[in-house]
2 protein chains.
Amino acid sequence: MLLVNIGQLVTLRGSSIGPRRGSSLSELGIIANAAILCLGGMIVSVGRTKDALRDPWLKKNRKRVTEIDCRGHVVLPGFVDSHTHPVFTHPRLLDFEKRIAGANYEEIAEAGGGIRSSIEGVRKASKAALTEMVAAALQDMARHGTTTVEAKSGYGLNLESELKALAVIRAAARRWPGTVVPTFLGAHVVPPEYRERSQEYVKLVCEEMIPAVARGNLARFVDVFCDRGAFSGEETAKIFQAAEEHGLAVRAHMGQLTETRLQPFLRFNPASLDHMDHVHDADLPLLAASGTVATFVPGANYFLGLNRYPEARRFIESGAAVALATDYNPGSSPTLSMPMAMSLACTHMKMTPAEAITAATINGAWALRLADRKGSVEPGKDADLAVFDAEDYREIPYWFGVNRCELTVMNGMPAES
Amino acid sequence: MLLVNIGQLVTLRGSSIGPRRGSSLSELGIIANAAILCLGGMIVSVGRTKDALRDPWLKKNRKRVTEIDCRGHVVLPGFVDSHTHPVFTHPRLLDFEKRIAGANYEEIAEAGGGIRSSIEGVRKASKAALTEMVAAALQDMARHGTTTVEAKSGYGLNLESELKALAVIRAAARRWPGTVVPTFLGAHVVPPEYRERSQEYVKLVCEEMIPAVARGNLARFVDVFCDRGAFSGEETAKIFQAAEEHGLAVRAHMGQLTETRLQPFLRFNPASLDHMDHVHDADLPLLAASGTVATFVPGANYFLGLNRYPEARRFIESGAAVALATDYNPGSSPTLSMPMAMSLACTHMKMTPAEAITAATINGAWALRLADRKGSVEPGKDADLAVFDAEDYREIPYWFGVNRCELTVMNGMPAES
């Protein structure tokens, strides 16, 4: 496939060393009037259109190559959405309406809403029905420019239902040309039947679930929701330890509601710590010196009607690597649009459009340990691209609430929006 | 045209008396398993599918009628976007980026941004080029469920360019099957060449522009931006007076930046007062007793990164009629999505989904004095409908940043999203 006459190509090239930090977060490697040649699902050359058309191989083989004219369009690496919870059965409309009326978490739970309703839904649902829903969500994500998605379990919360959720993610991924990274989030909350017995549930996660997930090769990561009302720092470390013993990499939800000091977790080398609304100043240099990405999910702040967002500038100025993700889930962030997450980052977290693009592509790829294959437009990387109806990349977060993605290419396969 | 098997039809019937106020803002008139018959661009019957199919006329003529199966979909009156500024030439990306970097209004203007850049753009642009852009915006609006749009001039700010902008609105409206209501906003700001001479500019608006607009029948409304940095209350009253003398109805931008008391304006019976971020408690009963709608445009609050939104609950509880609009414009609200405006109203202004739907349909129609034809699904009204991929109307503001509108019907003509 040959994309030619690209008005503005955002390459993000030069990303092999490590995630973008500090001022390099805004180095987009833009080429005007660009072309990209993809063969066998891989990017083989990137440059100016006129140079590409002079290439001897292409001159000989041009007729055999599908050509897409991208005049007046922006092309960038497909978004990497590194934090989603897509395995659920129904929108939580009751929570939505109750929250508007001023109800708190407990009142919503008492009315039959909250995470418990998602857990009941997933436990009861068939694998086939769940697979349909996840597959539909993946397609919708691609329509908004996303070509790589991290997908968590976490509404099953018993061995059988967690394995079912991961099997659903695998089945849906097989039907989608993009790339799905499965994450085991058995430690999402303590399920109702283990109320007041969280130690026992953590034991179950560590001694039964993680070994089963590892045996079945069902997940790349183990995730823990470490916060008030979920799992303590000590419990998180135990679960990380079990993951490590079973050869699984780790990541965590951290600092959404309360500040947790990061040092005890960094020794497990988590790929990413997500949310990060509350973080201690002294932890920022530790994060900056680590291989861990801080992933912001401002969709949750927006949807919960908070006026507070993660303080991205503190992170960026300290040299921490930052990524952006949707947190797609039915309770706190029912959006699967990466442009929406980027709009929130620009308008409410004072990230520049260039920083938002970087956080949504190459740094998302680092947050999934996939930067060798994803997140930039460079020869040798997977042919994952997003084509936007725009003349300037800044328009992507600017025209908010509206999807201007016209086409995505996933592993070399084009899909119209 | 016959829409059948509609999962959930939101009719908003019973809207002939006046705009919805207080508790009636949440009376949606929902019919499950519904059908709508439209003939000659008009709605002729509304009811349950099984009753519709028993109708003798339909039995005889069913083959001649286009049928659309709306199983698993929500159908509602097409949105009425009662406040937009679509006649502009370019996105204001400089403002966007400068604002993120912390620049204020003056610094953005000095860097060549701000409203001045839109004015220069519109003054230089050809009528044909502007018409293309407005027509494209109208099409995009329809894709998001909007079937009636108010469109303002206001980036011309001299006689020639304001008339050009209104001619552009008329030309674009002719190419669109929906309904466009043109508004003359010569009093948007004092243009640069009248700096420090606002009295002279107001004279020009009243004595040359308004008469020319009225003569050409180019607008239904005269609008004024009454606020700090724009026009004073006294100047607004003068312009309203001139509009009245020329038989044009009025509306105003009011209370966006500063509180202005409303009494002096209500005697002109404005169709709507818009923004309303700042309003005096004592004015709410006056508004409630008037025929004037308060129109909120939360997209501007969002895009400007404000943490403050209009206090919708104060208005609703006082009995004022409230509408929602996008404020589509390149400086402060580059969104044309009514579902986005509704999401903001629910998450940040604590309007219920039912109140947001009402504000975006029938009360928008009242804000344009079109409620006899628009804003509800009732026999005799124009066939303006929006079909959403959803089982419940609350999903429309819930799935934020994503467009789930699949089809709109405008004056009886279907258009896919």
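Numbers restart at 1 for each chain; the letters A, B, ... are given by sequence-line order, proteins then strands.
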Surrounding [atom1] of [X] (heavy atoms of other residues, nucleotides or ligands, distance under 6.0 Å), is the total greater than 12?
X: B:E391; atom1: CD; value: no
X: B:E120; atom1: CD; value: yes
X: A:R116; atom1: CZ; value: no

Chain A contact via [X] - side chain, backbone, both or neither, heavy atoms under 4.5 Å:
X: B:S343; answer: both
X: B:P330; answer: both
X: B:F96; answer: side chain

Which of [options] touches chain B most, by non-hydrogen pairs under 4.5 Å:
options: A:G401, A:A101, A:P334; result: A:P334
options: A:L344, A:T352, A:D392; result: A:L344
options: A:T326, A:L336, A:N307; result: A:N307
options: A:L304, A:L306, A:T335; result: A:T335
options: A:G102, A:P397, A:A341; result: A:P397
options: A:A390, A:C346, A:G305, A:S337; result: A:C346

I need the minimum non-hydrogen distance between A:M340 and B:M340, along with the two atoms involved. CE-CE, 3.6 Å
Quick one: closest heavy-atom pair of B:Y398 and A:G331, and the distance?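 Between these two residues, the closest heavy atoms are OH-N, 4.5 Å.
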Verify, without hydrogens or angle tests, whether B:T347 (side chain) and A:F303 (backbone) share a donor-acceptor contact under 3.5 angstrom.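 Not confirmed, B:T347 side chain does not pair with A:F303 backbone.
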Side chain / backbone / both / neither for A:Y302 at chain B, heavy atoms under 4.5 Å: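 Both backbone and side chain of A:Y302 come within 4.5 Å of chain B.
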Toward chain B, the part of A:M351 with a non-hydrogen atom under 4.5 Å: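 Only the backbone of A:M351 comes within 4.5 Å of chain B.
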Determine, stepwise, if the pair B:N403 / A:V402 fulfils side chain to side chain contact (heavy atoms under 4.5 Å, CB included). CA-CA 7 Å; B:N403 180 30; A:V402 165; over 6 Å; no
Roughly how far apart are A:I100 CD1 and B:R394 CZ, rounded to 0.5 Å? 9.5 Å
